[in-house]
Amino acid sequence: MAYYYDEPSRTFNEYLLVPGHTPATCVPASVSLKTPLVKYRKGQEECPLSLNIPMVSAIMAAVSDDNMAVALATEGGLSFIYGNQTIEQEAAMVARVKNYKAGFVESDANLSPDMTLNQVVALKEQTGHSTMPVTDDGSAHGKLLGVVTERDYRLSRMTGEEKVSEFMTPLEKLVTASEDTSLKVANDIIWDHKLNSLPLVDAEGNLVYMVFRKDYDSHKSNPNEMLDSHKRYIVGAGINSRDYAERVPALVEAGADVLCIDSSEGYSDWQKMTIEWVREHYGDSVKIGAGNVVDGEGFRFLAEAGADFVKIGIGGGSICITRETKGIGRGQATATIEVAKARDEYFKETGIYVPICSDGGIVYDHHISLALAMGADFVMLGRYFARFDESPSAKVMVNGTYMKEYWGEGSARARNWGRYDLGGKKSLSFEEGVDSYVPYAGPLKDNIAVTLLKIKSTMCNCGALTIPEFQDKAKLTVISSTSIVEGGAHDVVLKDKAPYASNM
Ligand code: RVP
């Protein structure tokens, strides 16, 4: 006979935190959100890899590329570069994050001398950049010949057919510096010469980087930055349980700091075999998370297989229709609570603390606080990050409002067979995800600052200055459907739409 659970499976929306005593010392500025990312002997050693904020971005083509990875690592979180691309492409993205130097820009708007003014204007519109280096071959690292800015042309007095070589500011009139110039010195040159940008060139005169005056503020250090021992950004990468023997070495070689097996259902021999292969070839030096599971049994299976962290969640993702198509899954809150219990039991038995990540279904900022209170060490978000400038998807105008495209890895658009297929031919037999839009929300930095402040504020209401303290002190209550109504604005006529409508 089938097993029946006593309790219904619940979502974050069905819970609230009940505040505890707040000591005068408990203020958001004093809260630390540092949290372990990989397993360790808690109480006996430091966690070898921690996050400075408990947020990672989803292993999805619409969310986590190298651009997102740099933006999120700057704020203290981590991206897992999506795995549904060729091994070479994924490794190149990882390498770009590891080679990224804050303030040194590889120009993405480049001209060759025989391009026309019309082409310059079109490229400016396409990239949004008005300073364009001119190189012999029109590439980002060709021989530098000059620079074109808006000051070099007057559209009203020109035909549009003029060649770049006729109106660019030529190399001999430019101030340039050598490729090994430090950011501080580059900024001094920019200020001393009243420049807007400074090209850095190698000994052969090839363009290496551009440094821009407008980026000056963002060069200042970010206190939460996730950096490795060589001061490079920390980055994760998604893998699958099929081509790991080729993909893992390439990603490790490119510098990936942590891997994660990306699967919609992780309680399987495929994941165990993948982890065993990594241990056999790399011992504990390569960190690898696994998932997704939704109960204690699934957690224990992956922990015993050697996973460095375990991801929770089936069917809760905003773009996910797994529950509708296959009838499997579990409410994200119930799954998180149960896996957290299993994690704590496993720690008591073995002394090994295996961090857990609540993945999918986080709609409001307060859902992050709830997930942490329920025992998650960190959360993975897709929809949340897809809304920002830094996500790789297109920004489009829909009915007068800016949106970003956001599609599931199980959608026909992604065709990520490696994530869903249980064997057989390399195809996606049916869809488990949708293609959608999410409201455009601007830069990651601004949004994440508000989200983190809300989390810290909630933690203070519960008298907690750290995530473990929060988990210890949190008091949670299931709420009735009528209290859910009471929780929003009610019995008033709103002047505008709800303020949180566009906020996650
Ligand atoms: P959300 O943050 O609610 O948008 O959910 C993101 C999560 O949804 C991902 O991290 C992944 O676990 C899951 N996902 C991704 N694609 C699909 C799908 O097509 N069903 N689901």
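Along the sequence shown, residues are numbered consecutively beginning with 1. One-based numbering, in listed order, for ligands and for the atoms of each. For clarity, every value in this text was computed on a predicted model and none was experimentally measured. In what follows, every heavy atom counts, from backbone to side chain, and hydrogens, waters and symmetry copies are set aside.
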So, for Asp377 and Leu372, which heavy atoms are closest and what is the spacing to 0.1 Å? O-CD2, 3.9 Å

Side chains of Arg343 and Tyr353, donor plus acceptor under 3.5 Å: yes

Can Asp308 and Arg279 be counted as an ion pair, charged N to O under 4.0 angstrom? yes

Whether Arg387 engages the ring of Tyr384 as a cation-pi pair (distance to the six-membered ring centre under 6.0 angstrom, angle to the ring normal within 45°) should be assessed. yes

Under 3.5 Å, is there a donor on one side chain and an acceptor on the other for Tyr406 and Ser393? no

List, for ligand 1, each N/O atom that has a protein N/O partner under 3.5 Å away, with both atom names and the distance.
| residue | atom | partner | partner atom | Å |
| --- | --- | --- | --- | --- |
| ligand 1 | 2 (O) | Gly382 | N | 2.8 |
| ligand 1 | 2 (O) | Arg383 | N | 3.4 |
| ligand 1 | 3 (O) | Ser318 | N | 2.8 |
| ligand 1 | 3 (O) | Gly361 | N | 2.9 |
| ligand 1 | 4 (O) | Ser318 | OG | 2.6 |
| ligand 1 | 4 (O) | Arg383 | N | 3.0 |
| ligand 1 | 4 (O) | Tyr406 | OH | 2.6 |
| ligand 1 | 10 (O) | Asp359 | OD1 | 2.5 |
| ligand 1 | 10 (O) | Asp359 | OD2 | 3.3 |
| ligand 1 | 12 (O) | Asp359 | OD1 | 3.3 |
| ligand 1 | 12 (O) | Asp359 | OD2 | 2.6 |
| ligand 1 | 12 (O) | Arg419 | NH2 | 2.9 |
| ligand 1 | 16 (N) | Glu409 | N | 2.9 |
| ligand 1 | 19 (O) | Glu409 | N | 3.1 |
| ligand 1 | 19 (O) | Gly410 | N | 2.6 |
| ligand 1 | 19 (O) | Tyr420 | OH | 3.4 |
| ligand 1 | 20 (N) | Tyr420 | OH | 3.2 |
| ligand 1 | 20 (N) | Glu432 | O | 2.7 |

Approximate separation, where rounding is to 0.5 Å, of Ile288 CD1 and Cys260 SG: 8.0 Å

